[in-house]
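A short write-up of the structure that comes next.
Each chain gets a letter, A, B and so on, in the order the sequences are listed, and its residues count up from 1.
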Amino acid sequence: MKIENLCVRRLIGDVAGATTRGHKIAVKGGYIYQTFQGGYTLTPLGWSVVHKIENIIREEMNAIDGQEILMPVVCTADLWRETGRYDAMSVIAKFKGASGADYLICPTHEEVVTDYARSVLTSYRQLPFMLYQIQTKFRDELRVRAGLIRTREFIMKDAYSFHETQEDLEQYYQRCFDAYYRIFRRCGLKDFTDVLSSTGDMGGKIAHEFQLINEMGEDTLYICDCGFRANKELEDTDSTKCPKCGKELKKVRGIEIGNIFQLGKKYTDSMHMTYTAADGTEQTPIMGCYGIGVGRTMAAIIEESADDNGPIWNMETAPFAVEIIGLIDKENKALPIAEKIYDELRRDGVDVLLDNRDARAGEKFADADLIAAPIRLIVSNKNLDNDVIEVKYRVNDFDTSALPNEFGIKTCVSDVKNTITKLLHK
RNA sequence: CGGGGCGUAGCUCAGUCUGGUAGAGUGCUUGCUUUGGGAGCAAGAUGUCGUAGGUUCGAAUCCUGUCGCCCCGACCA
């Protein structure tokens, strides 16, 4: 992609209406565009990051035997009346179809997935299994906040597992728990943790949230040295003492990026999902569900990892792996070489952005900081005289001190590819 | 849904109190100079002042309705 053709508007100066650092940067860098209150368009840049986060999630969900599906965004009310949530859940957006049918935009998919799973399940031999999707949800929240931190429409990875026994659910719950740590680490998040949480509208007994510890967060967390960690929602007492060890609890703010629930039989019971067990009796499976806010995860990354000039991605999440900046010179030496390296990298399938604009260096550097490709190649007259391409790194959570700060002109393409590999395997 | 605030050029805003027919900065276009952290000079384009109605000789400005957006609260991933 050439930067002039990248359909993204970056802003200079203040962003009206944005209050948190992450929100300002996301708008200033042109990652998100507000279409309406609580609804954002993900720009080519923002969508690229989201897509990369989604792929990390896919890999880790598949690694714990998840099976990806796609369910409808909209649903008729009948399924939701089976569980009683059509009338019980406050955030559901409802509408009437042309025929007068009651529809809703799904705020979550327990009913829909259970309907599918019950159509498949007949025998205990099929258990356990986990189904997941990455899809848009809509919750008609009373209030939105801070860009992608709290929206009405949002992309969520939602996963649902079905089990014969509570022990099997607990074992799988732990696998998913561990997968979440891998996902968030790969996304470049650093200061995150799990906390006990309330089960809210989902039901069930045990639930954990994954929270990025951050001042901008909406949630208050209680944390104790003994390992006890809980959302204030759950442990909402006047006491500031740890219920486990009695010591004083620490209070921090968090951004909720994921949550997992041991649902039990709330949905499988009310929706009459059954199978024949080994002993020939009819049984109801036990269910778990596992969510990640995908857009919110992007927002959380920016909130945590950014400097005054823009976001700092890692190689797994950056919208471009490489940005090539060609600097203007009188003899027009640098630009053609920048373009040539660009063509070669592109031919090799590298995610690369070229900035050969007729613009000053400062403007190009400032834009590069906002786009934040981990590898920045600077092609200039000055460097070409030494037969080198200058390299700058902008990487979250990676010590680049051992990496070269220049590549040879002849070896540039393979040097770039080697460096990408290094940045991916830290 | 309660409380507060705001809608004027692509963006950030002034002008509204005290009515007289549209501004600044920045961005954009063209030319020349410049070119390693958002350059300089010159010329140029850009608005039904959110919207509907009312008052008035005359409304961005006053009045009423309505829509949208921001912040705080309650609700929630």
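Taking atom P in both rG65(B) and rG4(B), one finds a spacing of 15 Å when rounded to whole Å. Across rA45(B) and rA60(B), the matching P atoms stand 23 Å from one another, rounded to whole Å. Rounded to a whole angstrom, the distance from the P atom of rU66(B) to that of rG3(B) is 14 Å. A distance of about 24 Å separates the P atoms of rG7(B) and rG27(B), rounded to the whole Å. A distance of about 34 Å separates the P atoms of rA59(B) and rG2(B), rounded to the whole Å. Atom P of rA42(B) sits at a distance of 13 Å from the matching atom of rU26(B), rounded to the whole Å. Between the P atoms of rG68(B) and rU29(B), the separation comes to 35 Å (whole Å). With both ends at atom C1', the span from rU55(B) to rC71(B) equals 34 Å, rounded to whole Å.
Remark on RNA chain B: of its neighbouring residues V91(A) and F365(A), the 5'-side contact belongs to F365(A), judged by nearest-heavy-atom nucleotide. In terms of position along RNA chain B, the nucleotide closest to N383(A) lies nearer the 5' end than the nucleotide closest to the other residue of the pair N383(A) and S90(A).
For rU55(B), there is no paired base (Watson-Crick or G-U wobble, both distances below 3.5 Å).
Of the residues in residues 51-70 of chain A, none has a non-hydrogen atom less than 4.0 angstrom from any atom of RNA chain B.
Taking the six-membered ring where the residue is Trp, the centroids of F177(A) and F210(A) are separated by under 6.0 Å.
Here Y393(A) pairs with nothing under the ring-ring contact (aromatic ring centres under 6.0 Å, His included) rule; sequence neighbours left out. Listed by chain and residue number, F95(A) satisfy the ring-ring contact (aromatic ring centres under 6.0 Å, His included) test with Y103(A) (two or more places apart in sequence, or in another chain). Evaluation of the side chain to side chain contact (heavy atoms under 4.5 Å, CB included) rule for A18(A) yields V15(A), H23(A), K24(A) as partners, not counting sequence neighbours. Considering only residues two or more places apart in sequence or on other chains, D158(A) meets the side-chain hydrogen bond (donor to acceptor under 3.5 Å, both in side chains) condition with Q133(A), K137(A), Y160(A). Every residue two or more places apart in sequence or in another chain was checked for a ring-ring contact (aromatic ring centres under 6.0 Å, His included) with F36(A), and none qualifies. Looking at residues two or more places apart in sequence or on another chain, you find no side-chain hydrogen bond (donor to acceptor under 3.5 Å, both in side chains) involving D387(A). By the ring-ring contact (aromatic ring centres under 6.0 Å, His included) test, F407(A) pairs with no residue at all, sequence neighbours left out.
Of the candidates rG27(B), rU35(B), rC13(B), the closest approach to any side-chain atom of A16(A) belongs to rC13(B).
Within the structure, ring-ring contact (aromatic ring centres under 6.0 Å, His included) contacts touching residues 57-86 of chain A (residues at least two apart or in different chains) do not occur. The ring-ring contact (aromatic ring centres under 6.0 Å, His included) analysis of residues 293-335 of chain A, with sequence neighbours excluded, yields the pairs Y31(A)-W313(A).
Rounded to whole Å, the distance from CD on E141(A) to P on rG73(B) is 15 Å.
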Protein-nucleotides 68-71 of chain B N/O pairs under 3.5 Å:
{"residue": "rC69(B)", "atom": "OP1", "partner": "Q37(A)", "partner atom": "N", "Å": "2.6"}
{"residue": "rC69(B)", "atom": "O3'", "partner": "Q34(A)", "partner atom": "NE2", "Å": "3.1"}
{"residue": "rC70(B)", "atom": "OP1", "partner": "Q34(A)", "partner atom": "OE1", "Å": "3.3"}
{"residue": "rC70(B)", "atom": "OP1", "partner": "Q34(A)", "partner atom": "NE2", "Å": "3.1"}
{"residue": "rC70(B)", "atom": "OP2", "partner": "Q37(A)", "partner atom": "NE2", "Å": "2.6"}
{"residue": "rC70(B)", "atom": "O3'", "partner": "G17(A)", "partner atom": "O", "Å": "3.4"}

**Report entry** Protein proximity profile, nucleotides 38-46 of chain B - base contact B, sugar-phosphate-only contact S, no contact -, cut-off 4.0 Å on heavy atoms
**Finding:** BB-------

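Residue contacts shown for N381(A) are absent, as no nucleic acid heavy atom lies under 4.0 Å away. Counting non-hydrogen atoms under 4.0 angstrom, T151(A) reaches a base of the nucleic acid.
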Report task. Just do the salt bridge (Lys or Arg N to Asp or Glu O under 4.0 Å) check on D140(A) and R152(A) with the steps written out, would you? Result -> CA-CA 6 Å; D140(A) 207 359; R152(A) 297 211 167 89; 3.4 Å; yes

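In the model, E209(A) has a side-chain atom that pairs as donor or acceptor with a side-chain atom of N231(A) under 3.5 Å.
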